[in-house]
2 protein chains.
Amino acid sequence: MDRKLLHELIEDYTSAMNEVNRRISAIMNDRVHEELTGDQFLTMRYIQKNEPCTSSDIANEFGIVKSAVTAQVNRLYEKGLIERDRDSDDRRIVYLRLTTEGKTLMKEGTDKLYEVLGEILSNFDKEEMTFFIWQLQKLARILKENG
Amino acid sequence: MDRKLLHELIEDYTSAMNEVNRRISAIMNDRVHEELTGDQFLTMRYIQKNEPCTSSDIANEFGIVKSAVTAQVNRLYEKGLIERDRDSDDRRIVYLRLTTEGKTLMKEGTDKLYEVLGEILSNFDKEEMTFFIWQLQKLARILKENG
DNA sequence: TTTAAATAGTTCTATTGTAGAACTATTCAC
DNA sequence: GTGAATAGTTCTACAATAGAACTATTTAAA
C-alpha cells in the first residue's frame, strides 16, 4: 500500500480509537458504574465471569503485575464487594469471589451496561455490528501474535 | 434485534475492545514511546499537531480537568520537552509548544508508530481497513451525540 | 470608571493504578 | 531433605486524576 495513504489511515485509526475510548469511558463512568472506577468494574466483571479466580489470573488477564492486583483487590475487599479464601489443598492460592453485595452491584452494572451500550449499538444494523466486532477480534488476534 | 443476541454482541464487543486496548498500549509502551508514558505521548502528539495550544485545549480534548493537565504539563516541562509562554495581549493564556528536543523525540515516536502500526495493519487490505475506520468514526460520532 | 463576574491557569490534597524489589508461606522436584 | 519454583503481600515511588481554593487577568455591567 502507498506509504502516505497508510500513514493517513494510521492517523485516522488512532484518533478515532482514542475518541471512542475516551467517550466510552466517560459514559461508563456517568451511567454504568457510579460506585466503581472503570478498572474496578473490569476487575469485578472478570471475577463475576471466572469465579472463583486468583490474583494471578487477573494479573495475567489485564497484563499487570501481581502487586498491582493486590492493591486493587484490597480496595474492593474493603468495600465489601469480594471475599477471599485459601485453597485447602494448596494454601498458597487465594480464591476470589463476589460477595452478595458484589453480585448485586454487578447485576445492576451489567443491566445498565446492556441498556447503555444497547442504545448506542442500535445505531448499527446486525450485519454491520457483527462485521465490526469480527474485525476487532481479528485485530486482537493479530496483536496477540505480534506482541 | 433479539435481546439475547444483542447482549452477546455487547459481550463480544467489550471483550474484543478491551483486549485490543490492552495489547495496543503494551506494544506502544515497548516499541513506540520508551521515554514517555502512554498519556504523555498522547499529550505530546496533541501539542505537536495543534501548536501552539493551551492547557484548556488539552483538558477539553482529553476530557480531564485543568489541574490534571497542569500536573502532566509540568512533568513534560521538567523533561525539557515543551515550553510555555504567555500571550502578550491576554496574559492569562499560556501557549504550549514542543522544544527542539520535544520535536526530535516526537519525530522518532511518530516514525516508530507508523512502522509498528503499519506492520500490524498490513494484515488488513485497504478496503477492510477503510471500512473498519469508517465504523470507528461512526461509533465516535454516535458517542459524541449520546454523551 | 469602578466593581463584579468570568476566564486561564496553578497549587494543594487525596485517591487510584501501576511497577519493581524484597519478602513470607507453601509446594514441588530431585 | 534441601533448593527451586510458585502465590501472594508489603513497601516504596511515581503518574494520572478530581476537586476545592487560590492568583492573575480580562470582560461586562452599573
Side-chain angles (χ1 to χ4, degrees), chain A residues 18 21-23 25-26 28-30 33-47 50 52-79 81-97, chain B residues 18 21-23 25-26 28-30 33-47 50 52-79 81-97:
Chain A
N18 287 336
N21 288 338
R22 270 196 307 281
R23 294 199 185 279
S25 95
M28 295 282 286
N29 250 311
D30 285 350
H33 48 69
E34 287 99 342
E35 312 190 33
L36 297 174
T37 66
D39 286 300
Q40 286 170 352
F41 186 69
L42 288 180
T43 299
M44 289 290 284
R45 250 167 95 67
Y46 180 83
I47 299 172
N50 297 279
C53 69
T54 67
S55 284
S56 297
D57 294 338
I58 294 173
N60 186 55
E61 169 73 10
F62 295 112
I64 57 179
V65 299
K66 287 188 296 176
S67 61
V69 177
T70 300
Q72 240 192 70
V73 162
N74 280 341
R75 287 186 282 268
L76 295 171
Y77 183 82
E78 276 149 30
K79 284 174 194 261
L81 299 176
I82 63 179
E83 53 191 24
R84 309 192 230 217
D85 66 296
R86 287 192 180 274
D87 186 306
S88 50
D89 286 343
D90 184 342
R91 299 197 44 77
R92 290 170 303 183
I93 299 173
V94 177
Y95 291 117
L96 304 173
R97 289 185 185 79
Chain B
N18 287 335
N21 288 338
R22 271 197 306 280
R23 293 198 185 278
S25 95
M28 295 282 284
N29 250 311
D30 285 350
H33 48 70
E34 287 99 340
E35 312 190 33
L36 298 173
T37 66
D39 286 301
Q40 287 171 352
F41 187 68
L42 288 179
T43 299
M44 288 289 285
R45 249 166 96 68
Y46 180 83
I47 300 173
N50 299 278
C53 69
T54 67
S55 284
S56 296
D57 295 337
I58 295 173
N60 186 56
E61 168 73 10
F62 296 111
I64 57 180
V65 298
K66 288 189 295 176
S67 61
V69 177
T70 300
Q72 238 192 72
V73 162
N74 280 341
R75 286 186 284 268
L76 294 171
Y77 183 82
E78 277 150 29
K79 284 174 194 264
L81 298 176
I82 64 179
E83 53 191 25
R84 311 192 226 216
D85 66 295
R86 284 191 182 277
D87 185 307
S88 50
D89 286 345
D90 185 341
R91 298 199 44 76
R92 290 170 303 182
I93 300 173
V94 177
Y95 292 117
L96 304 173
R97 289 186 184 81

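Throughout, a chain's letter reflects where its sequence line sits, starting with A, and its residues are numbered from 1.
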Original post:
For Asp90(A), what residues pass the side-chain hydrogen bond (donor to acceptor under 3.5 Å, both in side chains) criterion, not counting sequence neighbours?
Top reply: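 Scan of Asp90(A) (side-chain hydrogen bond (donor to acceptor under 3.5 Å, both in side chains), adjacent residues dropped) gives Arg92(A).
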
Original post:
With sequence neighbours excluded, what pairs up with Asn50(A) under the side-chain hydrogen bond (donor to acceptor under 3.5 Å, both in side chains) test?
Top reply: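 Result, side-chain hydrogen bond (donor to acceptor under 3.5 Å, both in side chains) vs Asn50(A): none returned.
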
**OP:** Report the C-alpha separation of Leu36(A) and Leu81(A) in whole Å, then their side-chain angles, then the decisive distance to 0.1 Å, and conclude whether the side-chain contact (heavy atoms from CB on, under 4.5 Å) test is met.
**Re:** CA-CA 11 Å; Leu36(A) 297 174; Leu81(A) 299 176; 3.7 Å; yes

Original post:
Counting distance only, does the side-chain N/O of Arg97(B) pair as donor-acceptor with the main-chain N or O of Pro52(B) below 3.5 Å?
Top reply: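 Between the backbone of Pro52(B) and the side chain of Arg97(B) there is no qualifying donor-acceptor contact (under 3.5 Å).
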
Subject >> Polar side-chain atom of Asn21(B) near backbone of Asn18(B) as donor-acceptor pair, under 3.5 Å >> reply: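 No.
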
Using whole Å, report how far [atom1] of [X] lies from [atom2] of [N].
X: Ile64(B); N: dG19(D); atom1: CD1; atom2: P; answer: 13 Å
X: Glu61(B); N: dT17(D); atom1: CD; atom2: P; answer: 13 Å
X: Asp30(B); N: dA19(C); atom1: CG; atom2: P; answer: 11 Å
X: Phe62(B); N: dA18(D); atom1: CZ; atom2: C1'; answer: 18 Å
X: Asn60(A); N: dT6(D); atom1: CG; atom2: P; answer: 14 Å
X: Tyr46(B); N: dA16(D); atom1: OH; atom2: C1'; answer: 19 Å

Subject >> Rounded distance (nearest 0.5 Å) linking atom CE of Met44(B) with atom OG1 of Thr37(B) >> reply: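 Reported value, rounded in 0.5 Å steps: 11.0 Å.
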
Could you list, one pair per line, each protein nitrogen or oxygen that sits under 3.5 Å from a nitrogen or oxygen of nucleotides 12-15 of chain D, together with the distance?
none

Original post:
Under 4.5 Å between any side-chain heavy atoms of Leu96(B) and Ile58(B), yes or no?
Top reply: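 Heavy-atom side-chain distance check passes, below 4.5 Å.
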
**OP:** I would like to know whether Glu35(B) and Lys79(B) meet side-chain contact (heavy atoms from CB on, under 4.5 Å); could you show each step before the answer?
**Re:** CA-CA 10 Å; Glu35(B) 312 190 33; Lys79(B) 284 174 194 264; 5.8 Å; no

Original post:
So does Gln72(B) get a side-chain nitrogen or oxygen closer than 4.0 Å to the phosphate oxygens (OP1/OP2) of dT17(D)?
Top reply: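 Indeed, a polar side-chain atom of Gln72(B) lies that close.
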
**OP:** Look at Thr54(B) and dG9(C) and indicate whether a side-chain polar atom (N or O) is within less than 4.0 Å of OP1 or OP2.
**Re:**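 Checking Thr54(B) against dG9(C): at least one side-chain N or O falls below 4.0 Å of OP1 or OP2.
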
Pair up each side-chain donor or acceptor in residues 61-73 of chain A with any protein partner under 3.5 Å, not counting sequence neighbours, and list the distances.
unit_1	atom_1	unit_2	atom_2	d
Thr70(A)	OG1	Lys66(A)	O	3.2
Gln72(A)	OE1	Thr43(A)	OG1	2.4

Original post:
Minimum heavy-atom separation for Arg86(A) to Arg91(A), with atom names?
Top reply: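 Closest approach of Arg86(A) to Arg91(A): NH1-O, 2.7 Å.
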
Original post:
Looking at Ile82(B) and Tyr77(B), what are the two nearest heavy atoms and their distance?
Top reply: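 Heavy-atom minimum between the residues: O-CD1, 3.4 Å.
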
Pick out the pairs of N or O atoms, protein on one side and nucleotides 27-30 of chain C on the other, that lie under 3.5 Å.
unit_1	atom_1	unit_2	atom_2	d
dT27(C)	OP1	Asp89(A)	O	2.9
dT27(C)	OP1	Arg91(A)	N	2.8

For nucleotides 10-14 of chain C, tabulate all protein N/O to nucleotide N/O atom pairs closer than 3.5 Å, reporting atom names and distance.
unit_1	atom_1	unit_2	atom_2	d
dT10(C)	OP1	Arg84(B)	NH1	2.9
dT10(C)	OP2	Thr70(B)	OG1	2.8

